[in-house]
Amino acid sequence: MRTVNTPALETERLALRRFAEDDLPALFAIFSDEEVNRFLPWFPLRSMDEARAFWQERYAERYRQERAYQYAVCLKSDNIPIGYVNVSMEEHHDLGYGLRKEFWHGGIVTEACGAVIERVKADGLPYVTATHDRNNPRSGAVMVRLGMRYQYSYEEQWQPKNIPVTFRMYQLNFHGKQDEVVYRKYWDHSAVHFVETAV
């Protein structure tokens, strides 16, 4: 696999790049909205100090690593972040994404994630996974549009919110048949897991 860290990407409408410290107001706008962050594993940011700490931990620190994909999603027209796409370098290679709600329903997340998926595929990742709260089916619809396939569901006591959540896990393999390799650790670690016949 190539050694890369968040190389800049472009699509028809979007510029995907690293978050910079100058982007803190835009980052705060994304991560402070309660509706946008309702199904995410952190509490909405409450101050610019929290935004700076969040940026340091989840972006600046990872940009210092050998390899990462931690993108700010910007419209080409102004290059201001309106969302994000990340792919984890842990074994699950989890795809995560979010977008300010005034930009929902325009295909932006699908466009941005598609570009990142093509990049990680070219760089040698074997697959990506993604999970969504069963109460957030619109996120699952994005996964389907990206060509990901539902594999199974599982329950987890989600931290730090400490609430029970049923997740659906999707996966996209880049080599071989879609069902030849399935990331199973969520299944194995959850006492409650099952396959839904209709998702």
Side-chain angles (χ1 to χ4, degrees), residues 27 30-46 50 53-54 57-59 61-62 67-71 73 83-101 103-105 107-110 112-114 116-117 120-121 125-199:
L27 184 145
I30 297 165
F31 289 101
S32 63
D33 187 293
E34 290 194 9
E35 189 173 358
V36 170
N37 293 276
R38 176 183 172 192
F39 296 105
L40 297 175
W42 47 69
F43 293 103
L45 301 178
R46 300 299 184 190
E50 287 188 1
F54 190 90
E57 176 185 353
R58 296 185 177 269
Y59 291 96
E61 176 61 30
R62 296 185 189 181
R67 194 164 195 216
Y69 298 91
Q70 302 284 122
Y71 283 98
V73 176
Y84 63 89
V85 176
N86 306 320
V87 176
S88 172
M89 289 297 94
E90 295 183 33
E91 183 184 4
H92 47 62
H93 300 309
D94 181 67
L95 172 72
Y97 44 82
L99 187 71
R100 281 170 43 193
K101 62 176 177 282
F103 296 98
W104 288 359
H105 311 304
I108 288 175
V109 164
T110 303
C113 287
V116 174
I117 285 173
V120 301
K121 177 182 178 181
L125 262 65
Y127 56 80
V128 291
T129 70
T131 61
H132 74 86
D133 187 321
R134 191 162 58 175
N135 294 319
N136 185 22
R138 286 186 302 191
S139 187
V142 171
M143 297 170 195
V144 171
R145 288 195 294 272
L146 292 168
M148 305 185 80
R149 181 177 295 180
Y150 167 77
Q151 300 294 340
Y152 56 81
S153 302
Y154 65 98
E155 292 184 9
E156 179 180 320
Q157 192 72 16
W158 216 18
Q159 302 299 333
K161 293 182 178 180
N162 197 31
I163 56 174
V165 176
T166 298
F167 288 102
R168 291 173 175 156
M169 198 285 278
Y170 287 71
Q171 184 165 331
L172 176 60
N173 292 337
F174 299 136
H175 311 290
K177 296 179 182 179
Q178 281 300 322
D179 293 328
E180 283 184 351
V181 177
V182 176
Y183 181 77
R184 298 189 61 85
K185 285 194 176 177
Y186 302 133
W187 175 283
D188 294 340
H189 291 172
S190 174
V192 179
H193 52 243
F194 49 93
V195 176
E196 300 178 61
T197 57
V199 295

| request: Could you tell me if the ring centre of Y154 sits under 6.0 Å from that of W187? | output: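 For Y154 and W187, the ring centres are not under 6.0 Å apart.
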| query | Y59 and Y84: aromatic ring centres closer than 6.0 Å? | reply |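 Centroid separation for Y59 and Y84: 6.0 Å or greater.
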Would you call [X] and [Y] a salt bridge, using N to O less than 4.0 angstrom?
X	Y	result
K101	D33	yes
R62	E57	no
R46	E34	yes

| message | Is any side-chain heavy atom of V116 closer than 4.5 Å to one of C113? | response |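 No, their side chains stay 4.5 Å or more apart.
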Spacing of [atom1] belonging to [X] relative to [atom2] belonging to [Y], to within rounding of 0.5 Å:
X	Y	atom1	atom2	answer
H132	M148	NE2	CE	10.5 Å
S139	Y170	OG	OH	9.0 Å
R138	M143	CZ	CE	13.0 Å
S153	E196	OG	CD	3.5 Å

| task | For Y69 and S88, run side chain to side chain donor-acceptor pair (under 3.5 Å): C-alpha distance rounded to whole Å, both residues' side-chain angles, the deciding distance at 0.1 Å, then the answer. | result | CA-CA 7 Å; Y69 298 91; S88 172; over 6 Å; no
Donor-acceptor contact present, side-chain [X] to main-chain [Y], <3.5 Å:
X	Y	value
N173	V181	yes
Q171	A130	no
H189	Y186	no

| For S32 against P44, the heavy-atom pair lying closest together |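 Looking at all heavy atoms of both residues, the closest pair is O-CB, 3.5 Å.
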| message | Ignoring hydrogens, what is the shortest heavy-atom contact between V128 and V120? Give both atom names and the distance. | response |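 So the two residues come closest at CG1-CG2, 4.0 Å.
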| Candidates T129, L146, L172 - the one meeting side-chain contact (heavy atoms from CB on, under 4.5 Å) with L95 |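 So, applying the side-chain contact (heavy atoms from CB on, under 4.5 Å) to L95 and each of T129, L146, L172, only L146 qualifies.
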| query | Can you tell which of M169, E91, E90 makes a side-chain contact (heavy atoms from CB on, under 4.5 Å) with K185? | reply |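 Going through the options one by one, the only one that passes is E91.
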| request: State which residue, out of W158, Y150, Y152, fulfils the ring pair (Phe, Tyr, Trp, His ring centres under 6.0 Å) condition with F167. | output: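 Testing F167 for a ring pair (Phe, Tyr, Trp, His ring centres under 6.0 Å) against W158, Y150, Y152 leaves exactly one candidate, W158.
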| request: Can you label the angle between the Y127 ring and the Y183 ring as parallel, tilted or perpendicular, going by 30° and 60°? | output: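 If you compare the ring of Y127 with that of Y183, the planes turn out tilted.
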